[in-house]
Amino acid sequence: MASGEREQILADFQACTQLDDIETCIAILDQHDWNLMQAVQSVMSQTDSPTGSVPQPMETAMLDRPLGDEYFSSGILSDPVPWRSDANVIDAATNFDPGSASGAMPGTSGAGLGSHNKRMLHFNVEYRNRNVDVFIDDSCTVAQIKEQLSVDLGIPISKQELKGWANRKVTDNALLRDLHLPKENTLFLLTPDFHQIEPTATTSSSVIDNLSRNYNLKITCKENSKYHQFNLNFPGTKTVEEVKRDTYNVSDIPVRHQIWTGWPEAAEDSKAIGCIGLSYPSHMLELTRSNLSSTSRKTVQEAVHEIEISEDEDEEYFQDSQVYDDSELFSHDDHTGGRRKQDPLMPESVKDETEALEHFTREFRERYGETHPVFYVGSLDNAIKDALVVSARERKLLAIYLHHDSSILANVFCSQIFCNVGIVNYLTTNFLTWAWDMTLETNSARLITMATRHFGSVAANQIRSYKPDNLPVLLIISRSRATNEVVDVIRGDVTVDELMSKLLQDQEVFSQQQQRDIAEEAEREARENIRTEQDAAYQESLEADRKKREARLAEERKQQEIERREQMKKAEEERKKMEDEAMKQAIEASLAKEVPEEPPQGCTEVTCTLRIRTPDRQMLLRKFYGSNKLQAVINYITSKGFHLTDYKLLQTYPRKDLSNEDTNQTLEALKLCPQETLILEERT
């Protein structure tokens with residue numbers, strides 16, 4: 001088996017069994033030859049047995065301290081629920097054997113996981129402040145996911161709306177494998193039409209029946225950004241006050257600091273839980289600690305102490321029985337004294353938008369806790385640029401939150417709706433959130449001025465018309481055809497599900513437009529790239545032509561320079577040749593005058609007759625006196641144009657170069673008399 005396949009089977013096994021110890025998981029898989037179904041079945045059978053060796057996780061969270069028997073006797077954890085694997089894991093394992101009519105888990109003789117070409121999918125379903133993990137086979141339908149959520153959350157299938165299907169319209173009958181989903185998925189559960197059913201006037205027998213029932217309260221406790229799940233069982237005769245006291249024992253949140261969500265409207269501390277309309281057999285509640293600093297808590301205690309004195313109430317009653325909404329002590333001005341006025345989210349003294357948003361974020365966190373939307377710290381102009389005036393792939397919707405401290409809905413919306421974990425996560429992922437406080441007139445006027453500049457007069461007039469009771473609102477801003485426009489206005493009187501539904505709808509519409517914008521942007525970039533490539537090719541061609549032209553001109557200039565130099569050289573040679581010729585002619589004329597006269601006819605002195613053969617086969621004939629010197633012969637042949645610098649004067653027999661002889665010797669001494677034939681030969 002390949003290493004990658006083993007890693008995949010190990011990951012699926014851990015997801016199904018919730019076992020974190022990798023060595024234990026590998027040991028179990030080795031025992032079953034890495035057959036996932038057999039290994040999962042063995043773990044499931046062991047967890048059902050009280051003597052099983054595999055640890056048994058509890059649905060309740062680990063407590064910080066051990067619980068005594070008194071807590072079990074009072075109803076808390078009185079009937080611990082044995083751990084079971086997620087029901088969808090059983091269903092998924094059943095569906096792995098398509099040939100089984102009963103749908104039972106395959107035995108040891110069954111085929112492995114890979115032989116059925118099925119995948120185990122993980123769905124992280126966000127519902128309000130809860131995350132529910134669903135592991136299910138891709139051969140199942142969407143309706144089977146809702147069935148599991150109905151078991152875990154107690155919400156009827158008909159009231160469930162699942163969002164987050166990658167812009168698809170998905171029906172309950174759709175097979176998961178047909179949706180081509182990845183292994184890890186995130187969905188959002190909305191229940192806009194689901195409300196807790198409150199009891200009406202009933203007969204005494206029905207009241208007695210309700211009081212005799214045991215109610216299972218699933219309490220999600222949030223503290224310091226951490227979640228704990230408590231599964232508590234109470235008889236119907238328990239009062240709401242007693243439930244709150246007992247919850248304090250396991251959560252360490254005093255009654256006076258408890259903030260509850262999910263009680264029916266008929267819930268009063270003195271009433272039994274069997275008479276207030278709780279869902280049976282399970283009811284979901286949410287518990288958080290009030291976000292008060294130590295100074296604020298001291299102020300609350302002082303206020304409570306004053307109430308104690310005035311009403312002669314027991315201190316223990318106030319500490320353990322009464323539940324005070326601490327935020328009410330600070331949400332309004334009390335000019336009669338005794339209550340401190342809260343700091344505004346955005347004071348009038350801020351100098352610019354960045355400073356205003358920094359103060360807004362700081363005060364919002366002080367009021368409503370660490371879990372809140374991430375507000376953009378900067379000017380509205382920069383927020384628009386970062387959210388909308390970017391490439392289509394990086395674009396986000398801009399959510400503008402408008403707040404007013406005088407609004408009745410402001411505190412409820414911020415604490416219960418706007419700071420809901422699911423809302424915060426979705427806004428952080430898909431939106432850029434910018435906020436403004438309109439409590440003060442000056443800040444309101446500044447916002448209207450900014451809205452006029454960025455969104456036009458219509459949107460600015462709409463914001464100007466908002467009264468404190470119309471706030472808070474969430475403006476959803478998108479960009480179309482280079483203009484910013486308000487595409488949705490979400491008022492503060494919505495529920496968590498309604499707000500999430502509106503955000504999902506806005507995001508879905510935006511995603512469709514974004515895909516079109518991405519396609520158009522890609523086409524535009526492709527055209528621009530083609531144009532850029534064409535321009536680059538054209539510029540490259542121009543550059544090549546320019547270089548060719550410059551090379552041709554350089555070659556022409558070089559050739560012209562060579563020709564000019566050759567002409568100058570020729571001219572110099574001609575000039576020099578002419579000078580040499582003139583010089584030679586002058587020398588010839590001068591030497592011709594120095595050639596002695598020929599001896600006359602009948603001369604009795606010794607004479608010498610010389611026949612001189614030239615290179616062009618002419619013959620020079622001349623008579624000299626025997627007493628004449630060799631220089632006289634040389635002067636003669638030079639006067640005829642044969643200079644000894646270019647020619648040699650040779651005697652034929654014996655062969656001798658007379659050019660190298662002493663020119664002062666006489667012809668008679670050289671034995672050239674009475675006659676001799678000489679040869680002129682060009683020097684090489």
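- With hydrogens and angles ignored, the 3.5 Å screen pairs a side-chain donor or acceptor of E353 with a backbone N or O of L380.
- Summarising the geometry of L278 relative to P264, their closest heavy-atom pair is CD2-CD, 3.8 Å, with the distance given to 0.1 Å.
- Closest approach of K183 to A11, counting heavy atoms only: NZ-CB, 4.2 Å.
- Of the candidates R524, R395, R479, R393, R395 is the only one forming a salt bridge (Lys or Arg N to Asp or Glu O under 4.0 Å) with D517.
- Pairing each heavy atom of S478 with each of F510, the nearest pair is OG-CD1, 4.0 Å.
- The 12-atom threshold is exceeded at CD of E355, counting heavy atoms of other residues, nucleotides or ligands nearer than 6.0 Å.
- Using a 4.5 Å cut-off on side-chain heavy atoms (C-beta onward), N173 and V142 make no contact.
- Here the straight-line distance linking atom NE2 of H372 with atom CZ of R367 works out to 13.0 Å at 0.5 Å rounding.
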- Message: For a side-chain contact (heavy atoms from CB on, under 4.5 Å) check, start with the C-alpha distance between L287 and F230, then their side-chain angles and the critical distance, and finish with the verdict.
- Response: CA-CA 10 Å; L287 171 62; F230 301 103; over 6 Å; no
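- Between K244 and V255, the closest heavy-atom pair is O-CG2, 4.0 Å.
- Note on ring orientation: taking the six-membered ring where Trp is involved, the planes of Y368 and F364 are tilted (angle from 30° to 60°).
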- Item | Derivation and outcome, side chain to side chain donor-acceptor pair (under 3.5 Å), residues S379 and N382 | CA-CA 5 Å; S379 65; N382 290 336; 3.1 Å; yes
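- In this structure the side chain of V134 never reaches within 4.5 angstrom of the side chain of H122, judged on heavy atoms.
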- Tell me, with the steps shown, if V390 and K385 meet side-chain contact (heavy atoms from CB on, under 4.5 Å). CA-CA 7 Å; V390 292; K385 290 179 180 178; over 6 Å; no
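- Between P472 and R491, the closest side-chain pair of non-hydrogen atoms is not below 4.5 Å.
- Atom NE2 of H403 is separated from atom CE of M346 by 10.0 Å, given to the nearest 0.5 angstrom.
- You'll find the side chain of V374 stays beyond 4.5 Å of the side chain of T361, heavy atoms only.
- By the 30° and 60° cut-offs, the orientation of the rings of Y401 relative to F413 is parallel.
- Side-chain atoms of N185 come within 3.5 Å of backbone N or O of P182 as a donor-acceptor pair.
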- Query: Do I477 and W434 pass the side-chain contact (heavy atoms from CB on, under 4.5 Å) test, and can you show the C-alpha distance, the side-chain angles, and the key distance before you say yes or no?
  - Reply: CA-CA 11 Å; I477 312 298; W434 190 84; over 6 Å; no
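- A distance-only check finds a donor-acceptor pair linking the side chain of S465 to the backbone of Q462 [under 3.5 Å].
- Interatomic distance, N124 CG to T186 OG1, rounded to the nearest 0.5 Å: 5.0 Å.
- Using a distance-only test at 3.5 Å, with no hydrogens or angles considered, no donor-acceptor pair links the side chain of D137 to the main chain of C140.
- Atom CD of E441 has 12 or fewer neighbouring heavy atoms from other residues, nucleotides or ligands inside a 6.0 Å radius.
- Between Q505 and E508, the closest side-chain pair of non-hydrogen atoms is not below 4.5 Å.
- The two residues S139 and R177 make their nearest non-hydrogen contact at CB-NH2, 3.2 Å.
- Between the side chains of D352 and T354, no donor-acceptor pair is found at a separation under 3.5 Å.
- Annotation: side chain of L447 is in contact with side chain of M438 (closest heavy-atom distance under 4.5 Å).
- With contacts defined as side-chain heavy-atom distances shorter than 4.5 Å, the pair V170/L162 does not qualify.
- The side-chain contact (heavy atoms from CB on, under 4.5 Å) with R289 is formed by just one residue from the set S251, C221, P254; it is P254.
- Looking at Q258, its side chain does come within 3.5 Å of a backbone N or O of I253 through a donor-acceptor pair.
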- Message: Determine whether V509 and D488 satisfy the following criterion, side-chain contact (heavy atoms from CB on, under 4.5 Å), listing intermediate values before the conclusion.
- Response: CA-CA 11 Å; V509 174; D488 195 6; over 6 Å; no
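- Considering every non-hydrogen atom in both T452 and A460, the closest pair reads OG1-CB, 3.1 Å.
- The backbone N or O of K146 lies less than 3.5 Å from no partner atom in the side chain of S150, so there is not a single donor-acceptor pair.
- Taking 4.5 Å as the limit, some side-chain heavy atom of D506 sits within range of a side-chain heavy atom of I490.
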- Could you walk me through whether E161 and S501 pass the side chain to side chain donor-acceptor pair (under 3.5 Å) test, one step at a time? CA-CA 9 Å; E161 291 185 12; S501 179; 5.1 Å; no
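- The closest donor-acceptor contact from the side chain of R365 to the backbone of E370 lies at 3.5 Å or more, if one exists at all.
- Taking 4.0 Å as the cut-off between side-chain N and carboxylate O, R245 and E241 count as a salt-bridged pair.
- A donor-acceptor contact shorter than 3.5 Å links the side chain of D497 to the backbone of T191.
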- Could you walk me through whether T220 and Q229 pass side chain to side chain donor-acceptor pair (under 3.5 Å), step by step? CA-CA 5 Å; T220 301; Q229 181 72 38; 3.1 Å; yes
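- Atom CG of L432 sits about 10.0 Å away from atom CD1 of I400, to the nearest 0.5 Å.
- With rounding to the nearest 0.5 angstrom, the OG1 atom of T371 is 13.5 Å from the CD1 atom of I423.
- The backbone N or O of D152 lies less than 3.5 Å from a partner atom in the side chain of K218, making a donor-acceptor pair.
- For the 3.5 Å distance criterion, the side chains of Q507 and S511 qualify, holding a donor opposite an acceptor.
- Proximity of a side-chain donor or acceptor of W260 to a complementary backbone N or O of T288 within less than 3.5 Å is not detected.
- One distance of note links CG of D386 with CG of L398; it measures 10.0 Å at 0.5 Å rounding.
- For N461, the side-chain hydrogen bond (donor to acceptor under 3.5 Å, both in side chains) test picks out R464, with sequence neighbours left out.
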